[in-house]
Structure formats: C-alpha cells, structure tokens
Amino acid sequence: LQIDPWNAVVPWIALHVFHVERQLLIFPEADYLYGYLAHLCELTVALAATVVWSILDRNRKNYRQLFAWLTLLLRFALVITLLSYGFDKIFPLQFRPVTAERLTAKVGDLDLFNMMWIFMAASKPYTIFSGILEVTAGTLLLAPRMEMLGAVFSVAVLSNVLALNLAFSVQVMLFSAHLLFVAAFLAMPGLNRIWRLLVLRQSVSPVATPRLSSRVWVDQGVRIGVSALAIIFGGFTFAANRETYLKQQAEAAEQMRFPINGMWEADQFSVASVVGGAAAPSLFTEKLQREYHVSPGEDHWHRLIFRGTKQMIIQFNNDQFDRVDLTPDSNSGMTTVTDTDDPAWKAVLSIQPIEQDRLSIQGAVNGVAVSMTMHRKDVRDFPLMQGKFKWIKPDSQ
C-alpha cells in the first residue's frame with residue numbers, strides 16, 4: 001500500500017489557497033490540476049529548504065560530493081525511464097498496430113491524441129527507430145566516460161518527445177518536460193566545453209568527475225552497483241517486452257485461424273417491418289439509441305469487424321461503433337450477441353459462409369428479424385496500410 005502525503009495536502013491547498021472547490025483527479029503523472037499543484041508544492045518546499053540549508057551550512061565551501069550523488073541518482077532514473085520507453089517501442093507495444101476499427105473511422109472525428117497514436121502506429125519502422133534512439137541515449141548515459149555524450153543525446157531525443165506531446169496534446173507533457181529538464185541538468189556542466197571545442201574550435205582539458213566519497217572503493221563500488229542495477233533492469237525490461245510482444249503475435253495468429261475473423265461490409269441488409277402485427281421497433285434499445293445517436297434508418301449494420309470468436313464490432317450507417325460480445329453455440333449453430341452497455345439488448349444470429357469471402361447472416365436483433373449478406377474487406381486494401389517505403393515514387397501516383 002503506497003501512502004502519498006500529497007494526496008491529503010494538495011486538495012487542502014487547492015481549496016484554501018486557490019479556492020478550487022471541485023474534487024481533484026489524483027493522477028500525478030498526467031497533466032491534471034493535481035499534478036501541477038503537487039509540483040508547485042514540491043518546488044516551494046525545495047526552495048524553502050534550500051534557503052534554510054544555505055543559512056545553516058553557510059561555512060561549507062562546496063557541495064561536490066552531494067552534486068555527484070544527485071547526478072548519479074538522476075542519471076540512474078533517466079536511464080531506466082529511457083530503457084523502459086525505448087524497449088516499449090522496439091517491440092511495438094506502446095503504439096500497437098492500427099486496428100480495422102481505426103481504419104474505418106473518419107479522420108475528422110479523431111482528436112489530436114488519437115491522430116498521433118495512429119501516426120506512430122502506421123509506421124512500425126519509425127516507431128522502432130524512435131525506440132532505438134531512446135535505448136541508445138540510455139546506454140550512453142550508463143557507459144563509463146560516455147555520460148556527457150549520453151546526456152546531450154538525451155536532450156535531443158527528449159526534446160522531440162516533448163514536442164510531440166505538446167503538439168498533439170498528449171497528457172504527459174509535465175512528465176516529459178521533467179525528463180527533458182533532468183537531461184539538460186546532466187548535460188549542463190559540459191555545454192561550455194562543447195561550445196568551445198565544436199564552435200570556437202578551442203582546446204579543452206580533460207574534466208575530472210566529482211567523487212562520491214574520498215574513499216576510492218566506495219566511489220567505484222557505488223557506481224558499479226548502480227550500473228549493475230540499471231543493466232539488470234534493462235535486461236529484464238527487454239525480456240519482458242519481448243515475451244509480451246511474442247504473446248500478442250501468437251494471439252493475433254490464433255484469431256486469424258477463425259474463418260470469419262476480420263472486416264466485413266454489407267451488400268444487402270433487410271429488416272422485418274412488422275413484428276406481432278405492429279410496426280417493428282429499432283434494432284437497438286432506447287438506451288443504446290441515445291448512446292450511439294442512432295436515429296430511424298441508421299440502426300442498419302454497415303460493417304462488422306470480428307475479433308476472434310468472442311468479440312464483434314458493429315458499425316452503423318451513421319459511422320458509430322458498438323462493441324458486442326459473442327457466444328457461439330456449436331450444437332445449434334447459432335451465436336448469441338450481447339452488449340455490456342445494455343443487458344436488455346440481445347441478438348441471436350446464424351452466421352454462415354456462403355462462398356469464398358462472403359457471409360450470410362440471419363436471425364433476430366432486439367426481437368426483429370434481419371437478413372444480410374456481406375463481403376470481406378481486406379485491411380491491406382486501405383491506402384494507409386500500403387504505405388511502404390519507396391525510393392522512387394510510382395508514376396501512376
């Protein structure tokens with residue numbers, strides 16, 4: 001059980017200092033008001049502690065050893081963060097492949113966050129390349145005598161990360177800004193030397209790394225121990241991400257064995273106009289009609305997306321999506337369809353292939369008889385899924 005004292009302090013400060021009367025969403029790493037207030041409190045406490053410490057310890061000449069410990073701690077934290085996010089991209093887990101549902105959504109209906117997610121997911125090579133840069137930055141920070149190069153490289157990598165988060169309104173801007181500040185702090189002692197060497201073309205002398213302790217064995221032992229911990233963490237992260245990625249690939253391959261897995265578009269969709277001598281109701285309950293903004297005539301199914309044997313996505317004529325659960329019955333050959341958003345809604349369907357890449361679906365939806373024929377839509381037919389790298393653009397385009 002983790003107890004964070006700020007969870008009690010920050011809401012009190014928000015109410016009594018800033019007069020924020022609404023309840024705060026406690027999510028420190030996201031860009032909610034709580035995160036900004038918590039960091040403001042931390043900065044205030046740090047500044048006050050610095051003033052008091054400076055007064056009480058005013059006779060001390062320098063803080064080289066303390067600076068060395070702080071630098072080592074920040075470098076370790078930045079290394080494990082870069083390795084974690086880097087391997088999450090090298091094995092494309094953070095930005096998963098573009099789904100069939102995404103491919104059929106209107107671009108104009110996407111917010112900036114989802115637009116960036118598709119932008120990254122659409123190009124696996126670029127995602128992997130981004131991960132390689134992050135892992136390289138973390139590795140350089142960890143390597144002896146390469147710490148400064150790693151810090152400068154991290155500034156470049158994290159500047160791009162922060163720019164993406166700012167430009168596409170990804171709600172971890174505060175967190176990525178902190179990572180960039182840490183990298184800049186680590187790089188700052190060497191910036192003057194880099195400027196003199198690369199810009200002014202002046203000679204620079206070697207720099208001595210501040211020691212953690214006057215005892216050599218303590219200094220070297222701590223540094224070796226921290227490096228060993230980072231290497232173990234990196235190896236564990238690599239192995240865990242690889243295992244997760246291979247598991248996802250196996251699950252995707254298993255889904256592909258389901259004959260009707262994938263996307264299907266309606267060629268014909270008919271609905272009974274009369275049920276029990278009265279006009280047939282909508283294919284959806286009033287609750288689902290309100291939730292998906294389904295008006296008369298828009299409850300017909302334009303597209304179905306099967307995800308294995310357990311889940312199906314229905315796309316209506318108004319381009320809204322509804323995720324439903326499937327329960328096949330091998331004895332009757334019927335499939336029961338249910339919706340967790342409204343237990344009162346149910347469909348019982350017979351789903352039968354009639355020829356290659358064609359389906360016949362018949363049954364009852366919300367008590368209304370339906371009949372439809374559908375053809376398979378290959379996701380590779382979408383231009384976004386054909387965006388492979390070409391040195392020379394084809395003349396036909």
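Everything numeric in this text was worked out from a predicted model, so none of it was measured. Computed over heavy atoms, backbone and side chain alike; hydrogens, waters and symmetry mates excluded.
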Check against side-chain hydrogen bond (donor to acceptor under 3.5 Å, both in side chains), Glu42 and Thr44: CA-CA 5 Å; Glu42 291 167 352; Thr44 303; over 6 Å; no
Chi angles and distances behind the side-chain hydrogen bond (donor to acceptor under 3.5 Å, both in side chains) call for Thr373, Asp267: CA-CA 6 Å; Thr373 57; Asp267 296 319; 4.7 Å; no
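Between Phe269 and Trp301, the ring-plane angle classifies as tilted under the 30° and 60° cut-offs. Ring geometry for His16 versus Trp12: interplanar angle under 30°, hence parallel rather than tilted (30 to 60°).
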Report all side-chain donor-acceptor pairs from residues 72-94 shorter than 3.5 Å, counting only partners two or more places apart or in another chain.
residue: Arg75; atom: NH1; partner: Leu141; partner atom: O; Å: 2.8
residue: Thr81; atom: OG1; partner: Ala77; partner atom: O; Å: 2.8
residue: Lys89; atom: NZ; partner: Gln94; partner atom: OE1; Å: 2.9
residue: Lys89; atom: NZ; partner: Glu134; partner atom: OE1; Å: 3.3
residue: Lys89; atom: NZ; partner: Glu134; partner atom: OE2; Å: 3.3

Would you give me the side-chain donor-acceptor pairs under 3.5 Å for residues 62-70, sequence neighbours excluded?
residue: Asn62; atom: OD1; partner: Arg64; partner atom: N; Å: 3.2
residue: Tyr63; atom: OH; partner: Asp57; partner atom: OD2; Å: 2.8
residue: Trp69; atom: NE1; partner: Leu212; partner atom: O; Å: 3.0

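A pairwise comparison of heavy atoms in Leu164 and Phe119 identifies CD2-CE2, 4.3 Å as the closest pair. Here the closest heavy-atom approach between residue Ala122 and residue Leu384 is recorded as CB-CD1, 3.9 Å. Nearest approach of Val10 to Leu24, heavy atoms of both residues: CG1-CD1, 4.1 Å. In terms of heavy atoms, Arg96 sits closest to Ala121 at O-CB, 3.0 Å. Taking all atoms of both residues into account, the shortest heavy-atom contact from Ala272 to Val368 is O-CG1, 3.7 Å. Taking every heavy atom of both residues into account, Thr338 and Lys346 meet most closely at CG2-CG, 4.4 Å.
Residues Asp325 and Lys310 are not paired through a salt bridge, judged by the lack of any N-O separation under 4.0 Å between the basic side chain and the carboxylate. A salt bridge links Arg307 with Glu101: at least one charged nitrogen is closer than 4.0 Å to a carboxylate oxygen. With respect to the salt-bridge test (charged N to carboxylate O, under 4.0 angstrom), the residues Arg323 and Asp339 do not qualify. Under a 4.0 Å N-O distance rule, the pair Asp219/Arg215 does not qualify as a salt bridge.
The backbone N or O of Leu283 sits less than 3.5 Å from a side-chain atom of Trp345, completing a donor-acceptor pair. Side-chain N or O atoms of Ser371 include none that pairs as donor or acceptor with a backbone N or O of Ser270 at under 3.5 Å. No side-chain donor-acceptor contact under 3.5 Å links Gln248 to the backbone of Leu246. Of the possible donor and acceptor atoms, one in the side chain of Gln171 sits under 3.5 Å from a partner among the backbone N and O of Ser169.
Put simply, Ile118 and Met120 are part of two different groups of oily side chains (I, L, V, M, F, W, Y) that touch within less than 4.5 Å, one to the next.
Cation-pi contact between Lys377 and Phe382: present, with separation from the ring centre below 6.0 Å and deviation from the ring axis of at most 45°.
For residues 307-340, the pairs satisfying ring-ring contact (aromatic ring centres under 6.0 Å, His included) are Phe284-Phe316, Tyr292-Phe316, with sequence neighbours left out.
Between atom CH2 of residue Trp264 and atom CD1 of residue Ile305 there is a gap of 13.0 Å, rounded to the nearest 0.5 Å. From Asn318, atom CG reaches atom NE2 of His300 across 12.0 Å, with rounding to the nearest 0.5 Å.
The closest side-chain heavy-atom distance from Val170 to Met116 is below 4.5 Å.
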